Amino acid sequence: MEKLILDVLTKNGMLTGFAVVALTMLLSNWLSARFTRGRLHGSAIAIMLGLALAYVSGVFTGGQKGVADMPMLAGVGLIGGAMIRDFAITATAFGVHLGEIRKAGVSGVVSLFAGVILSFVVGAAVAAAFGYDDAVSMATIGAGAVTYIVGPVTGAAIGASSDVMALSIAAGLVKSILVMVATPFFARTIHLDNPRTAMVFGGMMGTTSGVCGALAAIDPKLVPYGAMTSTFYTGLGCLMGPSVLFLATQALVG
């Protein structure tokens with residue numbers, strides 16, 4: 001009987017993947033409401049649970065794709081892939097009102113460039129502090145601090161090693177989780193309660209998953225505005241990382 005159930009779950013991997021994700025979100029939202037009164041959003045807890053499950057799966061299977069290395073949960077690999085992620089980000093744009101976008105004006109544009117450059121500088125400085133003092137490594141890890149998407153894009157373009165690109169992804173994930181977890185506690189202090197500040201916040205932080213998770217915990221109506229500028233931020237980072245920012249780093253460290 002158990003073998004039959006496992007066979008059915010494995011043959012319907014996509015449905016099994018959706019069921020596992022749904023159960024994870026239910027558990028995460030319950031933990032959020034029960035132990036943090038919603039201050040720590042369910043999405044943040046779900047990410048931490050996902051990382052823990054990926055680690056455990058890697059230990060037992062020796063694979064590199066987390067729970068997707070388990071045949072029964074192979075569908076999770078597609079659910080968590082780039083295609084559905086991009087569809088989800090695009091879908092948030094339908095909640096945006098153009099009038100609110102205009103209000104962001106120059107401050108929204110400035111926040112994009114300031115956010116990318118500041119994140120890159122901090123990431124590159126941390127890389128140098130840990131002994132990665134060549135331009136390629138510093139630029140790749142610095143780009144990872146911009147977002148975990150910009151890091152590997154930059155690393156692939158400038159010839160970084162796979163180890164350094166992995167570190168850049170890790171830096172971006174840490175940033176995403178910190179933004180998602182910490183922002184709700186400071187939202188009132190920084191007046192993060194309207195579309196304009198949500199757009200500036202998205203432009204400064206840039207990590208789409210972190211920004212969306214944080215804004216969802218504060219006010220779900222703000223999510224489309226933060227998601228929009230954080231998506232532009234990712235694109236801007238992919239353009240600047242392997243070009244202007246790498247050349248600047250190379251000029252400084254040789």
Side-chain angles (χ1 to χ4, degrees), residues 2-3 5-32 35 40-89 123 126-127 130-132 136-137 140-157 159-182 206-213 234:
E2 291 181 3
K3 186 178 185 302
I5 293 174
L6 289 175
D7 287 342
V8 170
L9 292 175
T10 301
K11 289 178 180 178
N12 298 276
M14 193 68 176
L15 293 176
T16 304
F18 273 114
V20 170
V21 171
L23 290 172
T24 303
M25 287 306 305
L26 283 173
L27 174 61
S28 300
N29 288 329
W30 179 82
L31 291 172
S32 172
F35 295 103
L40 179 58
H41 197 260
S43 298
I45 297 175
I47 285 178
M48 289 186 277
L49 288 176
L51 290 172
L53 288 172
Y55 173 77
V56 172
S57 299
V59 170
F60 282 98
T61 66
Q64 299 179 343
K65 298 179 180 179
V67 295
D69 284 314
M70 302 170 64
M72 186 176 70
L73 298 177
V76 175
L78 179 59
I79 297 170
M83 180 181 70
I84 294 182
R85 178 203 66 204
D86 292 341
F87 274 130
I89 292 172
V126 171
F130 280 89
Y132 292 91
V136 171
S137 297
T140 301
I141 296 173
V146 176
T147 78
Y148 57 79
I149 296 173
V150 176
V153 168
T154 299
S161 67
S162 58
D163 290 344
V164 170
M165 284 195 279
L167 284 174
S168 75
I169 295 171
L173 284 172
V174 169
K175 175 185 174 181
S176 179
I177 293 171
L178 285 176
V179 169
M180 187 181 297
V181 172
T207 169
T208 305
S209 55
V211 166
C212 290
T234 300

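Note that the structure is a prediction, hence the values are computed from the model and not measured.
- Contact annotation: the side chain of Tyr132 approaches that of Leu167 to within less than 4.5 Å [non-hydrogen atoms, C-beta and beyond].
- Of all heavy-atom pairs spanning Val179 and Thr207, the tightest one is CG2-CG2, 4.0 Å.
- For Ile169 against Tyr148, the heavy-atom pair with the smallest separation is O-CB, 3.5 Å.
- Rounded to the nearest 0.5 Å, atoms CG (Leu173) and OG1 (Thr147) are 10.0 Å apart.
- Here CD1 of Ile45 is found 12.0 Å from CD1 of Ile177. Values are rounded to the nearest 0.5 Å.
- Side-chain atoms of Ser32 never come within 3.5 Å of backbone atoms of Ser28 as a donor-acceptor pair (strictly under, hydrogens ignored).
- Across every non-hydrogen atom of Val211 and Gly206, the tightest pair is CG2-N, 4.2 Å.
- The environment of CZ in Phe35 is crowded: more than 12 heavy-atom neighbours from other residues, nucleotides or ligands sit within 6.0 Å.
- Residues Val136 and Val164 fail the side-chain proximity criterion, which asks for heavy atoms closer than 4.5 Å.
- Ser176 places no side-chain N or O within donor-acceptor distance of the main-chain N or O of Gly172, the cut-off being under 3.5 Å.
- A donor-acceptor pair is defined here as one N or O able to donate and one able to accept, closer than 3.5 Å; such a pair exists between the side chain of Lys175 and the backbone of Val146.
- A pairwise comparison of heavy atoms in Ser168 and Thr140 identifies CB-O, 3.3 Å as the closest pair.
- Of all heavy-atom pairs between Pro152 and Met165, the closest is O-SD, 3.7 Å.
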